[in-house]
Amino acid sequence: MQLFDTHAHIGLIYDDPIEQFRVIQKAKQAGVTRILSINNGLVDFKKEYNILKSMKGIYHAVGVGPSEVKTPGTDWINQIEEYVKLPNVVAIGETGLDYYKQFGDKRSQIELFITQLELAQKHELPVVIHNRSAGEDIFEILQDRLPEKGAIFHCYSEDAEYAKKCLDANMNVYFSFAGNLTYRNARNLHETVMNIPLDRILIETESPFMVPTEFREKKRTMPSYLVSTAKFMADMLEIDLEKLCEQLWSNSCRIFNLPE
């Protein structure tokens, strides 16, 4: 069994590089052999990339999240264009819209998001999408601007109907589920998993957030906990865990254009 954690903020689990290496090694021992390292801004990206660049199985997304809309940097577009040339950078992100915390104004968030969709199209990369209370605007934007290489709704939070609407619009999108899938009251997520094609599903830890129910006494999620979410999903779908993991692995490699 091998799993791909498609969204982990490794630098937020521990700041110390040695502790980060231990987290990654523990994940590999659990069968999580590939991890996509995520940052919300370019300063954090450069720091984490330099720490993790020698680690086998670690890939990177580069982008500016909505939380950074007021301070993306004066030269952020050129920085992204430079960073996407680095080895193992496989996606733009995370980027998107967050109307829940109201970072800046909506117009500024939308402009930031659209620019990164355009960069993804230019550099032939998929996009990792952050969506919080902004689903309708994101859908409308993606109808016209979805990059050819597709997008991932990370830590999916909408319902089954929203996912169906995206698929009915022939969008090349994937839906990634984190540890909150295991929560008893996450009915919208349960219904979504049960009603979308298996070849459009990914899983992630969203480390250090979204601790799975099995580890609810822990303060931080670790990439190694991804196995718990996979087991929960397999039970929900009533399919063999090994078979599910093979499908999730194939889906992850496909969206990030990596060999299986």
Quiz item: T6 and S252: side chain to side chain donor-acceptor pair (under 3.5 Å), yes or no, with the steps?
Solution: CA-CA 7 Å; T6 61; S252 303; 5.7 Å; no

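- Each of L237, V193, L248 was scored for a side chain to side chain contact (heavy atoms under 4.5 Å, CB included) with L198, with one residue passing: L237.
- Residue L97 forms a side chain to side chain contact (heavy atoms under 4.5 Å, CB included) with just one option from H130, E136, K106, Q109, and that option is Q109.
- The backbone N or O of E19 sits nowhere less than 3.5 Å from a side-chain atom of R22 that would complete a donor-acceptor pair.
- Annotation: ring-ring contact (aromatic ring centres under 6.0 Å, His included) contacts involving residues 85-125, sequence neighbours excluded, are absent.
- Looking only at atom types and distance, the side chain of N131 has a donor-acceptor partner in the side chain of E158 under 3.5 Å away.
- Counting non-hydrogen atoms of other residues, nucleotides and ligands closer than 6.0 Å to CG of N195 gives a total above 12.
- Hydrophobic clustering of Ile, Leu, Val, Met, Phe, Trp and Tyr side chains at less than 4.5 Å, counting indirect connections, keeps F232 apart from F215.
- Taking a 6.0 Å sphere around CD of E124, one finds it holds 12 or fewer heavy atoms contributed by other residues, nucleotides or ligands.
- Criterion: ILVMFWY side-chain heavy atoms under 4.5 Å apart, direct or through other members. Under it, Y225 and Y14 are part of a common hydrophobic cluster.
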What donor-acceptor contacts under 3.5 angstrom involve side-chain atoms of residues 23-42, with partners at least two apart or in another chain?
unit_1: K28; atom_1: NZ; unit_2: K56; atom_2: O; d: 2.5
unit_1: R34; atom_1: NH1; unit_2: P259; atom_2: O; d: 2.9
unit_1: R34; atom_1: NH2; unit_2: P259; atom_2: O; d: 3.0

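- Cluster annotation: Y183 is not connected to I201 through the hydrophobic network of ILVMFWY side chains, with a link wherever side-chain heavy atoms come within less than 4.5 Å.
- The CD atom of Q2 sits 9.0 Å away from the CD atom of E242 when rounded to the nearest 0.5 Å.
- A donor-acceptor contact closer than 3.5 angstrom links the side chains of Q247 and N251.
- Between Y83 and Y49, the ring center distance fails the sub-6.0 Å criterion.
- In this pair, F153 and Y162 present their aromatic rings perpendicular. The plane angle is above 60°, beyond the 30 to 60° band.
- I129 and Y59 fall into different hydrophobic clusters, where Ile, Leu, Val, Met, Phe, Trp and Tyr residues are linked whenever their side-chain heavy atoms come under 4.5 Å apart, directly or through other members.
- Inspection of the T221 and S207 side chains reveals no N or O donor paired with an N or O acceptor under 3.5 Å.
- No path of Ile, Leu, Val, Met, Phe, Trp and Tyr side chains, each step under 4.5 Å between heavy atoms, connects L181 with M210, placing them in separate hydrophobic clusters.
- Taking the six-membered ring where the residue is Trp, F209 and H9 present perpendicular rings, their angle passing 60° and hence far from 30°.
- We find the CG-CD distance between L244 and E238 to be 13.0 Å, quoted to the nearest 0.5 Å.
- Side-chain N/O atoms of S250 and E260 include a donor and acceptor closer than 3.5 Å.
- Side-chain atoms of H60 do not come within 3.5 Å of backbone N or O of L52 as any donor-acceptor pair.
- Taking a 6.0 Å sphere around NZ of K231, one finds it holds 12 or fewer heavy atoms contributed by other residues, nucleotides or ligands.
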